[in-house]
Number of protein chains: 2
Amino acid sequence: MPGSSRELFHPDVADLVLTDVLSALSDPARLEITCRLAEGPLEVAACQPTGADMSKSTLSHHIKILREAGVVRNDPHGRQRYVSLRRQDLEDRFPGLLDPILRLAPGGDQL
Amino acid sequence: MPGSSRELFHPDVADLVLTDVLSALSDPARLEITCRLAEGPLEVAACQPTGADMSKSTLSHHIKILREAGVVRNDPHGRQRYVSLRRQDLEDRFPGLLDPILRLAPGGDQL
DNA sequence: CGAATGGTTCTATGTTTTTCGAACTGTTGC
DNA sequence: GCAACAGTTCGAAAAACATAGAACCATTCG
């Protein structure tokens, strides 16, 4: 039965906390993941930052931090998962916050 | 001989790192200090977040984190010190970053 | 000079974060 | 069913961070 996968917790828009978002984005690896997701959803494995050689448990951990801060969604999709940026939710809760950060991030100049 | 006080290190504008700034601002106490400084320089003791009862060594530590990230200056002024927001420097290095954060911070709606 | 003041730095302690391997869960396809 | 696959979760160890007291330093003022 497809679609019955394990759903992970995602905080409600109203519950997002600014310092949690900033904290989530203050790690270089997580910031890069976030920038990459600005171009569209990715499978977990494809979120792996360039050059960074992290274990899959570490990568999963970073995505968890981003998810719990409300920065990304993580939804099951067949045997894998799609990670996507909660762009509109972030814009609703923290208008004008995300765009400058994405633009200013090390590899975010192709926006 | 006034003015010969101990000068602390302040990173050059070009050396500021985005993740360091985000990390510095991701702590509630430091974010509040930063917001308060948006209205003008303050003596160190006056930076103390409302309600938070932190020791002066802890307060000094937080201001140090902000200073080393390039968010604030800390200059001697007689027997005390003035802490000030490096607003223009941040704007030069990370245009458009600070204003939304200050505006969205818990007590930053009086801007 | 000597005491008080405003802050920094040092040292130590407890907490949080980061990282990884190993074990586990759900899904696909033979 | 069973092996392979994509990820999460658990457990542990190392690193980083927060906090506070004590010591210290520079400045002012009597």
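Throughout, a chain's letter reflects where its sequence line sits, starting with A, and its residues are numbered from 1.
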Could you tell me how far apart A/R6 (CZ) and C/dC24 (P) are, to the nearest whole angstrom? 15 Å
Phosphate OP1/OP2 of C/dC10 contacted by B/H61 side-chain N/O (<4.0 Å): no
Is there a donor in the side chain of B/S23 and an acceptor in the side chain of B/S26, or the other way round, less than 3.5 Å apart? no
Whether A/R87 and A/D99 form a salt bridge (side-chain N of Lys/Arg under 4.0 Å from carboxylate O of Asp/Glu) is what I want to check. yes
Rounded distance (Å) that lies between atom P of D/dT8 and atom CD of A/E68: 12 Å
Distance check needed: C/dT16 C1' versus A/H62 NE2, whole Å only. 14 Å
Whole angstroms only, please: what is the CD-C1' distance between B/Q48 and D/dT19? 13 Å
A/R81 side-chain proximity, nearest of D/dG7, C/dC20, C/dT18: D/dG7
N/O (side chain, B/R30) to phosphate O (OP1/OP2, D/dA18) under 4.0 Å: yes
Side chain to side chain contact (heavy atoms under 4.5 Å, CB included) partner of A/R30, chosen from A/I65, A/L25, A/I63, A/V71: A/I65
Heavy atoms only: give me the nearest B/P49-B/L59 pair and the separation to one decimal. CD-CD1, 4.4 Å
Rounded interatomic separation in angstrom, taking NZ from A/K64 and C1' from D/dA6: 17 Å
What about B/T58, does its side chain sit under 3.5 Å from the base of D/dA18 through a donor-acceptor pair? no
B/D27 side chain, from C-beta outward: closest of D/dA18, C/dT18, D/dG7: D/dA18
Nearest-Å distance for atom pair CG/P, residues B/L25 and D/dC17: 15 Å
Pick base, sugar-phosphate or nothing for A/L8, based on heavy-atom distances below 4.0 Å to the nucleic acid. sugar-phosphate
Go nucleotide by nucleotide along DNA chain D from the 5' end; which of A/R79 and A/I63 gets its closest nucleotide reached first? A/R79
Considering all heavy atoms, the nearest B/R86-B/G70 contact: CD-O, 3.3 Å
Choose from D/dT9, C/dG7, C/dT9 the nucleotide whose nearest atom is closest to any side-chain atom of B/R67. C/dT9
Does B/S55 get its side chain close enough to the base of D/dG21, under 3.5 Å, for a donor-acceptor pair? no
Take atom OH of B/Y82 and atom C1' of D/dA26, then tell me their distance rounded to the nearest Å. 17 Å
If each of B/L59 and A/S23 is mapped to the nucleotide of DNA chain C with the nearest heavy atom, which maps nearer the 5' terminus, i.e. the 5' end? B/L59
Rounded to the Å, how far apart are A/N74 CG and C/dT25 P? 18 Å
Side-chain contact check for B/K56: nearest option of D/dG7, C/dG6, C/dC20 is C/dG6
